[in-house]
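Residue numbering restarts at 1 for every chain, and letters A, B, ... go by the order of the sequence lines.
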Protein chains: 2
Amino acid sequence: MQPKLKDIANALGVSPASVSNALRGTGRVSADLAERVRAEADRLGYRPGPAGRALRTGRSQMLGLILPDLSNPLFPRMAQAIQRHSETAGYGILIADSHGERGAQEEAIARMLQRGVDALVIIPRRGTVLQTPPVPHALIDTPSTPGNTVSADHRGGGATIVRHLAERGHSRLVLIGDSDASPVQRDRIAGMRESLGDGMTATTAWLAEDGIATCFDAIGRGATAIATTSDLVALQILGPLNEAGIEVPEQVALSGFDDLVFASVMRPALTTLVADANAIGCHAIATLTAILEGRPAPPPMRVPMTLIPRASTALRTKPRQETIPC
Amino acid sequence: MQPKLKDIANALGVSPASVSNALRGTGRVSADLAERVRAEADRLGYRPGPAGRALRTGRSQMLGLILPDLSNPLFPRMAQAIQRHSETAGYGILIADSHGERGAQEEAIARMLQRGVDALVIIPRRGTVLQTPPVPHALIDTPSTPGNTVSADHRGGGATIVRHLAERGHSRLVLIGDSDASPVQRDRIAGMRESLGDGMTATTAWLAEDGIATCFDAIGRGATAIATTSDLVALQILGPLNEAGIEVPEQVALSGFDDLVFASVMRPALTTLVADANAIGCHAIATLTAILEGRPAPPPMRVPMTLIPRASTALRTKPRQETIPC
DNA sequence: CAGGTATGATTAAACGATTTACCCCGGCGG
DNA sequence: CCGCCGGGGTAAATCGTTTAATCATACCTG
């Protein structure tokens with residue numbers, strides 16, 4: 001049986017109140033007693049029971065994390081970062097995956113609240129508006145959604161890759177995403193379009209809408225680079241390119257997004273952009289702890305996406321080895 | 001403010017005890033009162049507060065999930081399945097990623113216990129022995145580790161892929177994994193070796209130990225198929241094969257494991273094996289709930305791995321399109 | 001020396017749900 | 001008529017921790 005507050009109190013012949021005060025530094029306790037209490041506490045390996053504490057304080061020291069789909073390779077990294085930071089901030093993470101039926105997201109939030117989480121970290125399903133929950137919450141979406149707390153700078157990432165391609169001498173581009181239903185992908189494409197330089201042109205395509213055909217068409221008419229909104233999209237296009245005898249990067253450059261696990265390993269290795277998930281998780285948790293502790297919340301943050309140049313956009317040099325930054 | 005038990009009691013002019021009894025079906029309550037209580041309860045949208053209940057019953061209705069590394073694409077699927085099933089069983093999931101320093105796994109377990117989880121689902125770090133925690137726990141590892149509760153039948157999967165290759169006429173194989181420090185990979189390779197038919201030979205290699213060279217060497221001496229322990233390993237080998245002008249599957253067949261996100265999309269599409277994560281999660285949760293409710297625990301379970309044949313092991317027919325089973 | 005004040009520690013009341021032990025009342029058998 | 005029993009319900013204790021209110025003591029000041 002775990003030791004309780006009363007055990008310490010009995011062992012030292014003082015009241016439980018004093019022990020509580022000593023351990024948490026509240027109330028008035030002599031320095032001497034405080035020391036003895038601490039000593040006894042970690043002699044017994046005492047840790048306050050969460051139930052009693054939660055009951056009294058109304059705080060469960062737990063955060064709820066709502067994800068659209070854990071099996072989407074983009075999210076585990078964020079989940080990991082969020083978990084790590086909340087751990088060091090003294091909070092546990094309850095997770096819920098809103099994958100599945102419509103309304104699952106609201107349901108998941110309701111369940112979390114019912115379990116008494118102190119706050120929520122929400123990565124919303126694409127384009128859903130959610131009624132604001134009655135606890136502090138951090139929204140991780142795109143900077144373009146209102147109420148956003150922190151997110152990758154997708155638009156800036158789009159700009160970066162276009163600049164990178166321009167430097168490589170490409171002026172006729174194909175921009176291709178999976179589906180324009182996704183705000184993230186729209187932002188990325190928007191960022192690309194915005195920073196097309198003088199004399200550059202680009203056609204936009206969506207994989208869900210016959211994008212491959214559009215893409216080949218554009219290449220036929222002189223496009224020399226394909227900027228996709230996701231490594232997975234890039235991989236999906238690479239196959240047909242190879243089969244058509246179009247070489248990457250010699251004849252057409254190709255880029256992705258997110259540095260998924262295969263990007264560094266496929267051939268050619270894929271140039272991509274990635275946001276520091278750690279920074280995102282850190283800011284989300286920092287925002288929530290600030291609110292929970294009554295401090296003013298920091299302003300929303302836009303985490304830059306950094307370019308990882310690899311062989312797929314190389315100037316006809318040999319493919320080179322790259323390491324993945326953690 | 002959330003309605004409390006007492007609110008219902010007051011509204012109906014009865015005692016809190018009766019309300020509690022009515023809602024949970026314990027004690028003696030007239031059918032009539034029980035009905036009225038239920039009606040009032042969901043009129044107010046009452047849900048018992050977790051803190052009070054946990055304090056009194058000693059149960060938090062939460063399970064801890066310990067994963068070695070969320071960013072390893074193998075685990076999110078399991079996490080998702082576990083989360084889903086524990087949800088329907090009425091439990092929440094606290095997650096912890098033991099990624100990082102040595103001992104992080106034990107620490108993570110300690111933190112979970114401290115937070116009062118009722119039981120643990122543990123996917124141990126490769127080859128670590130852990131001291132058995134003081135709460136019920138389900139171990140998801142390989143069938144070969146003692147105390148295992150449920151896991152994919154890695155050995156059987158190895159056998160399946162070898163049989164598949166044999167049917168395709170391959171008799172000289174290369175078996176290659178990432179590192180032999182991983183029990184999972186060792187089991188897969190063991191399963192492959194065990195079911196080599198008459199007249200079949202195989203050389204084993206590890207990527208971490210100059211495996212690519214060994215692999216090419218074997219091909220030079222007549223091997224016609226490469227069975228890897230992971231889709232990622234397969235992808236890593238595919239590059240060099242292409243560069244060496246060796247065609248897959250025309251000259252050499254290639255297979256993976258786990259049906260990672262890129263397997264169906266890469267060219268050639270990768271033949272692979274996958275276990276039903278859903279079944280694994282289901283059995284893990286079923287075991288724990290059985291123990292928690294005092295029922296006898298079901299016997300350990302070995303979830304079969306099913307073959308997903310794709311182009312990379314096709315007989316020189318054209319590559320065909322495959323759909324991914326969910 | 002009386003009265004005010006700071007200090008250190010204690011008492012007791014929460015927090016919300018569950019559960020044990022008990023009470024009341026009507027009916028029934030002896 | 002008395003005692004027993006069972007159905008229906010309630011009072012109160014309990015879980016472990018926090019905290020407001022209180023108390024005792026010694027010290028300081030005028």
Side-chain angles (χ1 to χ4, degrees), chain A residues 1-38 40-42 44-62 90 113-118 292-294, chain B residues 1-38 40-42 44-62 90 92 113-118 292-293:
Chain A
M1 176 71 92
Q2 282 281 93
K4 312 165 194 319
L5 205 51
K6 208 200 293 191
D7 297 332
I8 302 184
N10 290 344
L12 264 51
V14 297
S15 78
S18 291
V19 176
S20 177
N21 282 329
L23 288 177
R24 69 197 339 261
T26 61
R28 289 174 309 212
V29 187
S30 67
D32 166 58
L33 179 55
E35 182 46 46
R36 271 157 50 223
V37 166
R38 269 188 302 263
E40 184 68 8
D42 58 44
L44 298 180
Y46 169 79
R47 315 261 54 183
R53 165 184 297 212
L55 183 53
R56 178 64 228 239
T57 63
R59 290 287 175 85
S60 64
Q61 297 295 104
M62 290 192 309
L113 293 174
Q114 196 179 112
R115 289 198 184 279
V117 298
D118 294 340
L292 287 172
E293 290 162 14
Chain B
M1 176 70 91
Q2 282 282 93
K4 308 166 195 321
L5 203 52
K6 208 201 290 195
D7 297 332
I8 301 183
N10 289 344
L12 264 52
V14 295
S15 79
S18 291
V19 176
S20 176
N21 282 329
L23 289 176
R24 70 197 339 262
T26 62
R28 288 170 311 207
V29 187
S30 67
D32 166 58
L33 179 54
E35 183 45 46
R36 270 157 52 225
V37 166
R38 269 189 302 264
E40 183 68 8
D42 58 46
L44 298 180
Y46 169 79
R47 315 261 54 182
R53 165 185 298 212
L55 184 53
R56 179 65 229 240
T57 64
R59 290 288 174 85
S60 64
Q61 298 293 105
M62 290 192 308
L113 293 174
Q114 195 179 115
R115 289 199 184 279
V117 298
D118 294 339
L292 287 172
E293 290 162 14

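Of all nucleotides listed (C/dT7, C/dT18, C/dG16), C/dT7 comes nearest to the side chain of A/R28. The side chain of B/R56 has C/dA17 as its nearest neighbour among C/dA17, D/dG9, D/dA12. Proximity note for A/L55 (side chain, C-beta onward) versus D/dT19, D/dG16, D/dG7: the nearest is D/dG16. Candidate nucleotides D/dG8, D/dC15, D/dT17 were compared by shortest atom distance to the side chain of A/Y46, and D/dT17 ranks first.
Protein atom CD of A/E35 is 13 Å distant from nucleotide atom P of C/dA9, rounded to whole Å. Taking atom CG of B/N21 as the reference point, atom P of D/dG7 lies 15 Å away to the nearest angstrom. Here the P atom of nucleotide C/dG16 and the CG atom of B/N10 are 13 Å apart, to the nearest Å. Whole-Å rounding puts the B/K6 NZ to D/dA11 P distance at 12 Å. Between the P atom of D/dG16 and the CZ atom of B/R115 lies a distance of 19 Å, rounded to the nearest Å. Atom-to-atom, NZ of B/K4 to P of C/dC15 comes out at 8 Å; the value is rounded to the nearest Å. Distance CD1 (A/I8) to P (D/dT17): 8 Å, rounded to an integer number of Å. Atoms CD (A/Q2) and C1' (D/dT17) sit 15 Å apart, rounded to a whole Å.
Annotation: side chain of B/S20 is in contact with side chain of B/L5 (closest heavy-atom distance under 4.5 Å). The side-chain heavy atoms of A/V19 and A/L12, taken from C-beta on, include no pair separated by under 4.5 Å. Using a 4.5 Å heavy-atom threshold, the side chains of A/N21 and A/R28 count as separate. The side-chain heavy atoms of B/R53 and B/R59, taken from C-beta on, include no pair separated by under 4.5 Å.
Nearest-nucleotide assignment on DNA chain D puts the 5′-proximal partner with B/D32, out of A/G49 and B/D32.
Note on B/S18: every side-chain N or O is 4.0 Å or more away from OP1 and OP2 of D/dG9. Here B/R53 does not reach the OP1 or OP2 of C/dG16: none of its side-chain N or O atoms lies under 4.0 Å away. Between A/S20 and D/dT18 there is a side-chain N or O to OP1 or OP2 distance below 4.0 Å. The shortest distance between the side-chain N/O atoms of A/S30 and the OP1/OP2 oxygens of C/dA9 is below 4.0 Å. Distances shorter than 4.0 Å separate some side-chain N or O of B/R24 from OP1 or OP2 on C/dT19.
A salt bridge does not link B/R38 to B/D42: none of the charged side-chain nitrogens sits closer than 4.0 Å to a carboxylate oxygen.
Within the nucleic acid shown, A/A17 comes within 4.0 Å of at least one base atom, counting heavy atoms only.
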